[in-house]
Amino acid sequence: MSRPSPPAKATKVPPPLLDLVLQARADTSRRELDLELFEGQPGVSRTVGVTVGYLDCSGDLGVGDREYNAFGAWMQEAGKTLPGQGWWSAFLQRFDSDERQVLRAFVAIAAEFRSLSPAALASLTWQYGGSPPDPAAPRTLAATSRAILDVLLEMRRVGRILMYIGEARVERMAAYIDGYRLCLSLAGLKDEEYLRFGRWLQDTGRVVPGRTWEDAFLQAASGDHEAAIHRLLDCAAEFRALPATP
């Protein structure tokens, strides 16, 4: 029942994260990107979670995202963020915590970065090391991939949630999972085990049908976000330990 499938080989390279960010600017109706939050119901924490999950998956697939690393370095060199400061923190301060403005600014700055000429990119200091990203450089997929439950079990083993998602909040964790699974999907991989895990949570009464694990576990943890996340990780371990059915 819960035994994971053999590691699968991705069939295509997922697009760079900035492709999705800029696509969200023109098409906020694509709900599977979870970037409709740029318009309507803003959510900076969820957006950060999606991006971090997507980038982690890209790394696990072996392709990484040098462009997004360069984007972060450029924001610092251009004075848009301070050293060691995430874009969300800088923009929340700049826009007095207006999340909609923060997300619009993030997309606009991503477009500004994409508009830089090769000469402008080459002239940057690149304090993080290396050379500017080459869009034409080949991106090679790893031989195998990881399912999201593999990642959750690693989080549980390491025990440092902040190292993965930056802030121990259930919406950030849920968004991280969304971002990771989106990347898998765009790489041609189906993570059916996670769907079975979701059904198991309902079948065992841990999550009532129609509710999310975030709501159910946060209520069970009396509002303690970190405890709710650990409850999810413990459930993932319990699910993986179940004997496989014929």
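In what follows, every heavy atom counts, from backbone to side chain, and hydrogens, waters and symmetry copies are set aside. Counting begins at 1 with the first residue of the sequence.
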Between L92 and E99, does a side chain to side chain contact (heavy atoms under 4.5 Å, CB included) hold up when you go through it step by step? CA-CA 7 Å; L92 282 168; E99 297 199 24; 4.3 Å; yes
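- Between F91 and F95, the ring-plane angle classifies as perpendicular under the 30° and 60° cut-offs.
- Atoms CZ and CD, on R169 and E214 in that order, are 12.0 Å from each other to the nearest 0.5 Å.
- A salt bridge does not link E192 with K190: none of the charged nitrogens is closer than 4.0 Å to a carboxylate oxygen.
- Taking every heavy atom of both residues into account, L17 and Y68 meet most closely at CD2-CE1, 3.6 Å.
- When each of T81, I109, N69 is tested with W74 by the rule side chain to side chain contact (heavy atoms under 4.5 Å, CB included), just one qualifies, namely I109.
- Classified by interplanar angle (parallel below 30°, tilted 30° to 60°, perpendicular above 60°), the ring pair F71/F113 is tilted.
- Atom CG in L184 sits 12.0 Å away from atom OH in Y194 (nearest 0.5 Å).
- Side-chain contact, D60 with Y180: a donor N or O sits under 3.5 Å from an acceptor N or O.
- Smallest separation of non-hydrogen atoms from L18 and R114: CB-NH2, 3.7 Å.
- Between D203 and R196 no salt bridge is recorded (no basic side-chain N to carboxylate O distance below 4.0 Å).
- Contact detail for H225 and V170: the closest heavy-atom pair is ND1-N, 3.1 Å.
- Cluster annotation: L55 is not connected to L162 through the hydrophobic network of ILVMFWY side chains, with a link wherever side-chain heavy atoms come within less than 4.5 Å.
- The minimum heavy-atom distance between L153 and L233, with the atom names listed, is CD2-O, 4.4 Å.
- Taking 4.5 Å as the limit, some side-chain heavy atom of L232 sits within range of a side-chain heavy atom of I177.
- Note: the hydrophobic cluster containing L242 also contains L149 (ILVMFWY, side chain heavy atoms under 4.5 Å, direct or indirect links).
- Counting only distance, with no hydrogens or angles, the side chain of D65 and the backbone of S58 share no donor-acceptor pair below 3.5 Å.
- Judged as a side-chain hydrogen bond (donor to acceptor under 3.5 Å, both in side chains), and not counting sequence neighbours, S97 has no contacts.
- Between F217 and C235 the shortest side-chain heavy-atom distance falls below 4.5 Å.
- Summarising the geometry, atom CH2 belonging to W200 is positioned 4.0 Å from atom CD belonging to E238; distances are rounded to the nearest 0.5 Å.
- Using a 4.5 Å heavy-atom cutoff, the side chains of V48 and F106 are not in contact.
- Between D234 and R156, the closest side-chain pair of non-hydrogen atoms falls below 4.5 Å.
- Side-chain contact check for L20 versus V50: every heavy-atom pair is 4.5 Å or farther apart.
- Closest non-hydrogen pair, D191 versus A147, comes out as OD1-CB, 3.7 Å.
- Looking at D56, its side chain never comes within 3.5 Å of a backbone N or O of G53 through a donor-acceptor pair.
- Looking at L218, I165, L152 one by one, the single match for side chain to side chain contact (heavy atoms under 4.5 Å, CB included) with I229 turns out to be I165.
- We find the CD1-OH distance between I161 and Y176 to be 12.0 Å, quoted to the nearest 0.5 Å.
- With contacts defined as side-chain heavy-atom distances shorter than 4.5 Å, the pair R181/L195 qualifies.
- For the pair R240/E193, a side-chain contact is recorded, criterion being any heavy-atom separation below 4.5 Å from C-beta on.
- To the nearest 0.5 angstrom, W88 atom CH2 is 12.5 Å from L103 atom CG.
- The shortest heavy-atom contact between R146 and V151 is NH2-CG2, 3.7 Å.
- By the side-chain hydrogen bond (donor to acceptor under 3.5 Å, both in side chains) test, R94 pairs with no residue at all, sequence neighbours left out.
- For S45, the side-chain hydrogen bond (donor to acceptor under 3.5 Å, both in side chains) test picks out R172, with sequence neighbours left out.
- Rounding to the nearest 0.5 angstrom, the gap separating the CG atom in L189 from the CD1 atom in I148 is 12.5 Å.
- At distances below 3.5 Å, not a single donor-acceptor pair connects side-chain atoms of E171 with backbone N or O atoms of R46.
- Considering only heavy atoms from C-beta on, V52 stays 4.5 Å or farther from Y164 through its side chain.
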